[in-house]
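The sequence lines fix the lettering, A, B, ..., with proteins before strands; numbering per chain opens at 1.
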Amino acid sequence: MRWSRIYLYTTREIPADAEVVSHQLMARAGMIRKLAAGIYTYLPLGWRSIKKMMEIVRREMDAAGAVELSMPAIQPAELWQETERWEVFGDLLLRMKDRNERDFCFGPTHEEVITDFVRRDVRSYRQLPFNLYQIQTKFRDEIRPRFGLMRAREFLMKDAYSFHTSEESLAETYEAMRQAYCRVFEDCRLEYTMVEAASGAIGGSGSHEFMVLAETGEDAVVACSNGDYAANTEKAETGGLEPPPAEEPIEMREESTPGATTVAEVTELLGVGPEKLVKTMLYDTDVEPVAVLVRGDREVNEVKLASYLGVNHLQLAGEEKVERFTGAPVGFAGPVALSESVRLIGDESARPLVNFVCGANKADAHYVGVNWDRDVKVGEWADLLLVGAGDPCPRCDGTLELSRGIEVGHIFMLGAKYSKAMECFYSDEKGELHPMEMGCYGLGIGRTVAAAVEQNHDENGIIWPVPLAPFEVLVMSLNPQDDEVRRTADDIYDQLVAEGVDVFYDDRDERPGVKFKDADLIGIPIRVAVGAKSLAEGKVELSLRRDREKHLVAPAEAAARVGDLLAELGA
RNA sequence: CGGGGCGUAGCUCAGCCGGGUAGAGCGCACGGUUCGGGACCGUGAGGCCGGAGGUUCAAAUCCUCUCGCCCCGACCA
């Protein structure tokens, strides 16, 4: 492909709304352009990288026994009402009506659609298991789209769904998918990690996320320094915090703490450490108000809390509600003699505390010397802790480290959640009906490509890993008005094309400086520069985008040497 | 949805506080000089100042409403 023929315009300016480097560089390199919030055009250069990503995914899905199909993007409301997700998804669903006023949505995922047609076709255990996938445009009306392709509203995703007669069979396919995902991200040359994940609104038992590690990642992940545990912080557990030293219970008494509404202020005033405090967090849920007790120096994990309570929505109670439940302004809530209408749940982090401090449910006062059972009874204890760096590993004696990642893949063992709700049954050998066991496996195409840019760039532009590069080789004529230069560059380009090399040719009538800058920006891994200077000595220049080290070779050898370099890069 | 910010040339932005001829850089067109890391000189085109209403002799500028975009938060198969 020649630059003069492709539609490609780079820019020096960073678009005003591009915040993260992948968005900035892909926009500047003429790969993507925003049409509306979270909605992007993939320009020819960007589309080439996207297509490469899709081919890698197809190859691995096919190899793992999945079969490709394509389902509708527009889906009728009735299916979503069967699983109650028409309500659960809320505003995330882009809803629309057809001319007959029937409700539809633009599919954000396809569990309902696939379960619907599978239940029409599949009757017998003999037809199971199978695994179907598609690569398709999805739409989720995110509250806050951002970061270019990393968090778009309209996006490309590979989603696969498997159907089984048993959990064992599901586990087998789940494992095959897990390995296929690892191969995909390895094929892309990305630094990634697999973590245990919270399964969220989609439901199900087991779930893993694939995270590409990057500073700009929106998810926090923890990993044990010994490598035997990694999880999304939304779900991560700890090995249990160090218990406080044993003490004899002392008498509970009230202390005046005027204006001390934060843990820091209370501990300062009373001269105790924050780990001696019990923080009482009041939450509003769809069902009932809840008070969560957590050690003063720690935070509540709201995802764990929502999943423990089995609710979809939950938020910290507002000032008014806090006053209504505790009879005190925000900052003085405590479990002692708290309103009966509030469900009291203790986090395990607070359980071992003795003689602790907590709010007195009245303004400007805290209790000290509080003890469980004697002073306050907690009916429920649960793990609701947000893990932090340095916490003990739940699997070994290592400690947990925090890092950030971009969620590029997520696989779930759904179990029978959808098959039950939608009556997707099969009959077994005895003719008895059972709901099918299901798995689903998502992988963000555009997001992975953006993640690759996050991980592979420098101050001059993108440094594509070969598998995702829009082209593998760039030939540039530095002085196209010079006949010999142009002829030599043409020859090398033609030769590479003839050899089937994935080559791009900057044949534009531009100054060398412009071409070098553009070459760095679009980040094609191998560069062949043909210019009057080196050609006078009978040479052209080969270099890698990654190290920019120049190698002079005779024009006649250029194509062969490019082949060597490609082989070295494992293309 | 709550808090904050921004909509002015194709792009990035000044001008707005304190109302009075609409600007810069980049890009684009033309001419010339250049030609190995985003050249230089000259000339030029290009704007309903997001939209609607209001105040005023006069509005990019002040007021009201509205639409869009961005940031922080809540949310996220």
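Nearest-nucleotide assignment on RNA chain B puts the 5′-proximal partner with Thr11(A), out of Thr11(A) and Pro108(A). When the nearest nucleotides of RNA chain B are assigned to Pro15(A) and Lys515(A) by heavy-atom distance, the more 5′-ward of the two goes with Pro15(A).
In this entry C35(B) has no Watson-Crick or G-U wobble partner, no candidate having both defining distances under 3.5 Å. Pair assignment for C28(B) gives G44(B), based on Watson-Crick or G-U wobble hydrogen-bonding distances that are each under 3.5 Å. Pairing for A59(B) is absent, judged as Watson-Crick or G-U wobble with the two contacts each under 3.5 Å. Here G7(B) sits opposite C67(B) as a Watson-Crick or G-U wobble pair (both hydrogen-bonding atom distances under 3.5 Å). If you check C1(B) for Watson-Crick or wobble pairing at under 3.5 angstrom, you find it paired to G73(B). When both pairing distances are held under 3.5 Å, C13(B) makes a Watson-Crick or G-U pair with G23(B).
Distance check, rounded to the nearest 0.5 Å: OH of Tyr441(A) to OH of Tyr161(A) gives 11.5 Å.
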Contact pattern, 5' to 3', of nucleotides 68-75 of chain B - B, S or - by protein heavy atom under 4.0 Å: -SSSBBBB
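A salt bridge links Arg508(A) with Asp518(A): the closest approach of a Lys/Arg side-chain nitrogen to an acidic carboxylate oxygen falls below 4.0 angstrom. At a threshold of 4.0 Å, the pair Glu510(A)-Lys515(A) does not count as salt-bridged, since none of the basic side-chain nitrogens sits closer than that to a carboxylate oxygen. Under the 4.0 Å criterion applied to side-chain N and carboxylate O atoms, Arg2(A) and Asp490(A) are assigned as salt-bridge partners. Look at Glu484(A) and Arg487(A) and you find no salt bridge, because none of the NZ, NE, NH1 or NH2 atoms lies under 4.0 Å from a carboxylate O. Residues Arg404(A) and Glu218(A) are not paired through a salt bridge, judged by the lack of any N-O separation under 4.0 Å between the basic side chain and the carboxylate. At a threshold of 4.0 Å, the pair Glu82(A)-Arg119(A) counts as salt-bridged, since one of the basic side-chain nitrogens sits closer than that to a carboxylate oxygen. Ion pairing of Lys138(A) with Asp159(A) is present here, as a side-chain N (NZ or NE/NH1/NH2) and a carboxylate O approach within less than 4.0 Å.
With both ends at atom P, the span from U33(B) to G50(B) equals 43 Å, rounded to whole Å. U8(B) and C1(B) have their C1' atoms separated by 31 Å, given to the nearest Å. Distance noted for atom P between G20(B) and C62(B): 11 Å (whole Å). When the P atom is compared between C40(B) and G4(B), the two are found 44 Å apart, to the nearest whole Å. A gap of 16 Å separates the P atoms of U56(B) and C63(B), to the nearest Å. The same atom, C1', is picked in A59(B) and in G54(B); the two are 11 Å apart, to the nearest Å. Here the separation of A52(B) from C57(B), taken at their C1' atoms, is 23 Å to the nearest Å. The C1' atoms of G32(B) and G18(B) are separated by 46 Å, rounded to the nearest whole Å.
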Stepwise side-chain contact (heavy atoms from CB on, under 4.5 Å) test for Thr233(A) and Leu402(A): CA-CA 9 Å; Thr233(A) 48; Leu402(A) 267 177; 3.6 Å; yes
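As a whole-Å value, the separation of Ile406(A) CD1 from C76(B) C1' is 16 Å. Between the CZ atom of Arg12(A) and the P atom of C13(B) there is a distance of 16 Å, given to the nearest Å. As a whole-Å value, the separation of Phe516(A) CZ from G38(B) C1' is 12 Å. Note: CD (Glu13(A)) to C1' (A14(B)) measures 14 Å, nearest angstrom. Regarding Glu541(A), its CD atom lies at a distance of 8 Å from the C1' atom of G36(B), rounded to whole Å. Protein atom CG of Asp509(A) is 13 Å distant from nucleotide atom P of G36(B), rounded to whole Å. Between Gln24(A) atom CD and U12(B) atom P there is a gap of 12 Å when expressed in whole angstrom units. Atom CG in Asp482(A) sits about 11 Å away from atom P in G36(B), given to the nearest Å.
A cation-pi contact links Arg95(A) to Trp86(A), judged by a cut-off of 6.0 Å to the six-membered ring centre and 45° from its axis.
Ile14(A) comes within 4.0 angstrom of sugar-phosphate atoms only, judged by non-hydrogen atoms across all strands, and of no base. At a threshold of 4.0 angstrom between heavy atoms, the contacts of Arg33(A) with the nucleic acid are absent. Across all strands shown, Asn460(A) has no heavy atoms under 4.0 Å from either base or sugar-phosphate atoms. Here Tyr441(A) lies out of heavy-atom contact (under 4.0 Å) with every strand. If you check every strand for non-hydrogen atoms under 4.0 Å, Arg508(A) touches nothing.
Classified by its glycosidic torsion, U21(B) falls in the syn category, the angle being within 90° of 0.
Between Arg511(A) and A39(B) there is a side-chain polar atom (N or O) within less than 4.0 angstrom of OP1 or OP2.
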